[in-house]
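Worksheet: one structure, shown below.
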Number of protein chains: 2
Amino acid sequence: MARAATTTDAFNAVAEPRRREILDALAGGERSVTDLVEQLAVAQPVVSKHLRVLREVGLVQVRDEGRQRIYRLEPAPLREVYEWVKDYERLWTERFDLLDAVLEDLKAQQAEPDRHGSQPADAETTDKERES
Amino acid sequence: MARAATTTDAFNAVAEPRRREILDALAGGERSVTDLVEQLAVAQPVVSKHLRVLREVGLVQVRDEGRQRIYRLEPAPLREVYEWVKDYERLWTERFDLLDAVLEDLKAQQAEPDRHGSQPADAETTDKERES
DNA sequence: TTGACGTATGCCGATATCGGCATACGATGA
DNA sequence: TCATCGTATGCCGATATCGGCATACGTCAA
């Protein structure tokens, strides 16, 4: 057995950064293959191959227009990914609450010095404020 | 060049369904390897190997407790995934609005048949993403 | 010590990926 | 019809995955 095919899932399809870039580009509107080649600055066969994968998992749709093929984003399959991760958001938010609690405790300890001298109790998670 | 290592990303790590199951299990609280083996009903080496990958991308943390190793969820790296996918949620919602718009147009055309047989002249239009 | 338990690791085979390059193929225009 | 543009596909090599099985390693209990 080997790794699951990239065309198995939105999960697998989207694990490839270049494919994410393509989707991001397509989020700005329909694009022809050449458009994408220019925008991503990669070889044309590479783009075509990635588009094939995306097509097979239903993340893009194609339309023929003369000798060009216009690709359009089809976000639906991403829902699966979203639904899975979204529940974890709560956790990293809670984690900050937890951190706050710890900081609160530290402050309390400083105010009311209750020494137990030994362990400096790893300050492992001290820099993660930013954002949100 | 081959597919990116599974330990490259949260994206890659999480593309494997079994690994998602492990994280889901861990979301319910700390678990020993044996706990996970029972819960997932897979061979122990398999679980250990997946845990290694998860550890390497920082999605879990380990703690020794006697002869057991207790694994704990570390959701932070999932943020990257969430941040990427969350913007697409809007799209599959908007899609319905878009559909409505199209239906509206169709109705209008039926009412006032305006034929022009040729090119619909690049509907490329203006798409800028103004998020946030 | 010895042995059992809990886990990690090593090796294997089958399978796919991804990019590069060449090339095939369909549509268009001279 | 022929050349050209826009895309897709085929083949290749290098690399990893994932599960199975055996086994090594560390901890604890007799």
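All values derive from a computational prediction rather than experimental measurement. Letters A, B, ... are given to chains in the order of the sequence lines, protein chains preceding strands, and every chain is numbered from 1.
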#### Entry: 4.5 Å side-chain heavy-atom contact, B:Arg72 and B:Val60
no
### Message
Rounded to whole Å, how long is the line connecting atom CG of B:Leu51 with atom P of C:dT9?
### Response
11 Å
### Message
With a 4.0 Å cutoff (strictly under), does any side-chain N or O of B:Tyr71 reach OP1 or OP2 of C:dA8?
### Response
yes
### Message
What is the separation between atom CZ on B:Arg63 and atom C1' on C:dT7, rounded to the nearest whole Å?
### Response
16 Å
### Query
Does some side-chain heavy atom of A:Arg20 sit less than 4.5 Å from a side-chain heavy atom of B:Phe11?
yes
### Message
Quick check on contacts: within residues 26-33 of chain B, what sits under 4.0 Å from DNA chain C by heavy-atom distance?
### Response
B:Ser32, B:Val33
Considering only nitrogen or oxygen atoms on both sides, find all protein atoms under 3.5 Å from nucleotides 26-30 of chain D and state each distance.
none

### Task
Can you run down the ring-ring contact (aromatic ring centres under 6.0 Å, His included) pairs that involve residues 53-82 of chain A, sequence neighbours left out, and say none if there aren't any?
A:Tyr82-B:Trp92
### Query
In whole Å, what is the span from the CD1 atom of A:Ile22 to the C1' atom of C:dC18?
13 Å
## Note on the structure
Nearest-nucleotide check on DNA chain D, B:Arg18 vs A:Arg69; residue mapping nearer the 5' end is A:Arg69
#### Entry: Shortest side-chain distance from B:Gln68, nucleotide among C:dG6, D:dA8, C:dC18
C:dG6
### Query
With sequence neighbours left out, what residues match A:Glu21 under side chain to side chain donor-acceptor pair (under 3.5 Å)?
none
### Query
Should A:Val81 and B:Val14 count as side-chain neighbours, where that means a heavy-atom distance under 4.5 Å?
no
### Query
Going only through I, L, V, M, F, W and Y residues with side-chain contacts under 4.5 Å, is there a path from A:Val37 to A:Val53?
no
### Query
For A:Glu30 and A:Arg63, what are the C-alpha separation, side-chain angles and deciding distance, and is it a salt bridge (charged side-chain N to carboxylate O under 4.0 Å, His left out)?
CA-CA 10 Å; A:Glu30 300 186 333; A:Arg63 167 169 52 90; 2.3 Å; yes
Can you check nucleotides 10-17 of chain D for protein contacts, nitrogen or oxygen pairs under 3.5 Å, and list what you find?
residue: D:dG10; atom: O6; partner: A:Lys49; partner atom: NZ; Å: 3.0
residue: D:dG13; atom: N2; partner: B:Met1; partner atom: O; Å: 3.3
residue: D:dT17; atom: OP1; partner: B:Thr6; partner atom: OG1; Å: 3.4

#### Entry: Same cluster (ILVMFWY, side-chain, under 4.5 Å), B:Ile22 and B:Val57
yes
### Task
Using the test side chain to side chain donor-acceptor pair (under 3.5 Å), find all partners of B:Glu80 that sit at least two apart in sequence or belong to another chain.
none
### Message
Rounded to whole Å, how long is the line connecting atom CG of B:Leu54 with atom P of C:dT7?
### Response
16 Å
### Residue B:Thr34, side-chain atoms from C-beta onward, closest of C:dG6, D:dG20, D:dG19
C:dG6
### Query
Does a side-chain N-to-carboxylate-O contact under 4.0 Å join B:Asp24 and B:Arg19?
no
### Task
Could you check whether A:Gln44 gets within reach of a base, just the sugar-phosphate, or nothing at all, counting any heavy atom under 4.0 Å?
base
#### Entry: Atom-pair distance (CG on B:Leu40; P on D:dG19), nearest Å
11 Å
### Task
Answer whether the closest heavy-atom distance between the side chains of A:Asn12 and A:Thr7 falls below 4.5 Å.
no
